[in-house]
Chemist: 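Take this structure, written in structure tokens, and hold onto it; I'll ask about it next.
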2 protein chains.
Amino acid sequence: MGERGRYQTRQKEEIADFFRARPEQCVSAEEVHAALESNVGMTTVYRAVARLCEEGFLRRYAPQSTGEASLYQLNPCRESHLHIRCLDCGALAHLSCDVAHGFSDHLMHHHGFVLDEGQTVLYGRCQACAARRKTCAEEGREPVDDTAAKAT
Amino acid sequence: MGERGRYQTRQKEEIADFFRARPEQCVSAEEVHAALESNVGMTTVYRAVARLCEEGFLRRYAPQSTGEASLYQLNPCRESHLHIRCLDCGALAHLSCDVAHGFSDHLMHHHGFVLDEGQTVLYGRCQACAARRKTCAEEGREPVDDTAAKAT
DNA sequence: ATAATTGCAAACACTTTGCACCTGT
DNA sequence: ACAGGTGCAAAGTGTTTGCAATTAT
């Protein structure tokens, strides 16, 4: 990450490498901290991921409920397009289709909002999980919430 | 709110009324607390809104960034709709238009994803902030970040 | 040399919980 | 009477900040 006015340090490199080694995976600051055997302070982890997000190297997923931690993931791709994530299994799909772009245009022209695709993640259920939920509902039981929701 | 096994109290009524008086508006627990002149404890507010959400009377928006509070809104009708939030000023706009619904349908039919509008918040810049950013960029200065983030 | 970075401890903002006391039924 | 509700104070999250010491350039 050779930015001007920025020093390259062991900590930063280790954190960046950690994410590079796990593309697609979402991890919390705490997990990053725990994974780095060489002791890197939590503060540094937080500052590092914050910067890496600004630089577009990482992507951040805000916590869904209170008490949860934000999750960080290697930014899947440089070019900006929307992503949709499955709330059950964590699957991430890329939406670089005309309709998505058209939707973005619509937001700008009819709602006066310039959509920031890099900061936006749509949430929903993928086909498989949606089907599973439906089945569960029909059988009158609660859908299993395997909060294993990591990434793909 | 006549639920079995539940007592009707002044506090609960006042809180429910507060939201009924402001359909469409998103407010934090703190704002509810502050608005009720008769002193209702924060704890009670939190417990009340949590229950009202469970009952489907309110809708809750998880905080987008850390340190921010969850926002609660009267659940207008059962149908949900997308929201887009300004990353600069925090303005929140409701998108219950045909195009948004069409986009949701598209996601389902062409991408196999069932969009959960209640869990999704789009991020971008409102007209004013986008314009301000543009101006700032032209003048070569950094856009002022007035984190005044409230809601609509 | 000097500007950036680190990391501890303390501060923070929001939310939840323990618990003794009140209140609706 | 008693289940349910209230609210204070204290605890608990995850995250940020002050600041002196350290490190990269």
Side-chain angles (χ1 to χ4, degrees), chain A residues 1-18 26-55 57-73 147 149, chain B residues 1-18 26-55 57-73 90 121 145 147-151:
Chain A
M1 309 280 85
E3 248 62 27
R4 60 268 112 178
R6 302 222 165 131
Y7 300 165
Q8 187 180 13
T9 65
R10 171 182 68 84
Q11 292 89 332
K12 280 181 189 168
E13 274 308 303
E14 284 186 14
I15 292 169
D17 285 343
F18 176 85
C26 291
V27 288
S28 65
E30 174 54 47
E31 290 172 309
V32 175
H33 173 256
L36 302 178
E37 56 301 311
S38 59
N39 24 316
V40 175
M42 272 307 290
T43 309
T44 302
V45 172
Y46 275 113
R47 282 193 277 232
V49 295
R51 174 157 299 167
L52 291 171
C53 283
E54 280 173 15
E55 293 170 352
F57 179 75
L58 290 185
R59 171 180 280 274
R60 174 189 156 160
Y61 298 100
Q64 286 302 143
S65 3
T66 318
E68 280 181 26
S70 290
L71 298 181
Y72 303 88
Q73 174 191 37
T147 317
Chain B
M1 309 274 81
E3 247 61 28
R4 61 265 108 179
R6 302 217 166 136
Y7 300 164
Q8 187 179 14
T9 66
R10 172 183 67 84
Q11 292 89 332
K12 281 182 189 169
E13 274 308 303
E14 283 186 14
I15 292 169
D17 285 344
F18 176 84
C26 293
V27 289
S28 65
E30 173 55 46
E31 289 171 310
V32 175
H33 174 254
L36 302 178
E37 57 300 309
S38 60
N39 22 316
V40 175
M42 273 306 291
T43 308
T44 300
V45 173
Y46 276 114
R47 283 194 275 232
V49 294
R51 171 157 299 168
L52 290 171
C53 282
E54 283 173 15
E55 294 171 352
F57 180 74
L58 291 185
R59 189 177 155 78
R60 173 188 158 163
Y61 299 101
Q64 29 146 22
S65 352
T66 318
E68 280 184 23
S70 290
L71 299 180
Y72 304 87
Q73 174 193 37
V121 180
D145 186 0
T147 315
K150 282 294 97 164

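Chain letters run A, B, ... following the sequence lines, proteins first and then strands; every chain starts at 1.
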Chemist: Which part of the nucleic acid does A:Ser28 contact within heavy-atom distance under 4.0 Å: base, sugar-phosphate only, or nothing?
Modeler: nothing
Chemist: Which value, rounded to the nearest 0.5 Å, describes the distance between B:His33 atom NE2 and B:Tyr46 atom OH?
Modeler: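 Spacing of NE2 (B:His33) from OH (B:Tyr46) equals 10.0 Å.
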Chemist: Check the distance between C:dA13's P and B:Glu31's CD and give it to me in whole angstrom.
Modeler: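 These atoms are roughly 15 Å apart.
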Chemist: Distance check, rounded to the nearest 0.5 Å: B:Arg47 atom CZ versus B:Gln11 atom CD?
Modeler: 10.5 Å
Chemist: Quick one: does A:Glu14's side chain get under 4.5 Å of A:Asp17's, heavy atoms only?
Modeler: no
Chemist: Calculate, to the nearest 0.5 Å, the distance between atoms CD1 and OG1 belonging to B:Ile15 and B:Thr9 respectively.
Modeler: 7.5 Å
Chemist: Within this structure, what is the CZ-CD distance for the pair A:Phe18 and A:Glu31, rounded to the nearest 0.5 Å?
Modeler: 7.0 Å
Chemist: To the nearest angstrom, how far is A:Glu14 atom CD from C:dT5 atom C1'?
Modeler: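 So the two atoms are 14 Å apart, to the nearest Å.
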Chemist: Determine whether A:Arg51 and A:Glu55 make a side-chain contact, defined as any pair of heavy atoms from C-beta on separated by less than 4.5 Å.
Modeler: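 Yes, at least one pair of side-chain atoms sits under 4.5 Å.
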Chemist: Apply side-chain hydrogen bond (donor to acceptor under 3.5 Å, both in side chains) to B:Glu30 and list each qualifying residue two or more places apart in sequence or on a separate chain.
Modeler: none
Chemist: Working to the nearest 0.5 Å, report the span between CZ of A:Arg59 and CG of A:Leu71.
Modeler: 13.0 Å
Chemist: Go through DNA chain D in 5' to 3' direction and return only the first and the last nucleotide with some atom under 4.0 Å of chain B's heavy atoms.
Modeler: D:dA3 to D:dT15
Chemist: Give me, pair by pair, the N or O atoms of the protein and of nucleotides 23-25 of chain C that are less than 3.5 Å apart, along with how far apart they are.
Modeler:
| from | atom 1 | to | atom 2 | distance (Å) |
| --- | --- | --- | --- | --- |
| C:dG24 | N2 | B:Tyr7 | OH | 3.1 |

Chemist: In whole angstrom, what separates B:Glu30's CD from C:dC12's C1'?
Modeler: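 Rounded to whole Å, this separation is 14 Å.
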Chemist: Relative to the 5' end of DNA chain C, which residue comes earlier, B:Ala29 or A:Ala48, by the nucleotide with the nearest heavy atom?
Modeler: A:Ala48
Chemist: Under 3.5 Å, which protein N or O atoms sit close to an N or O of nucleotides 16-18 of chain C? Give each pair with its distance.
Modeler:
| from | atom 1 | to | atom 2 | distance (Å) |
| --- | --- | --- | --- | --- |
| C:dT17 | O4 | B:Thr43 | OG1 | 3.4 |

Chemist: Checking B:Arg60 now: which residues fulfil side-chain contact (heavy atoms from CB on, under 4.5 Å) with it, not counting sequence neighbours?
Modeler: A:Thr66, B:Cys53, B:Ser70, B:Tyr72
Chemist: Axis-to-axis angle across the helix from C:dA1-D:dT25 to C:dT25-D:dA1, five pairs an end, to 10 degrees?
Modeler: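 The angle separating the two end axes equals 30°.
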Chemist: Under the side chain to side chain contact (heavy atoms under 4.5 Å, CB included) criterion, do A:Leu52 and A:Lys12 qualify, and how do the steps go?
Modeler: CA-CA 9 Å; A:Leu52 291 171; A:Lys12 280 181 189 168; over 6 Å; no
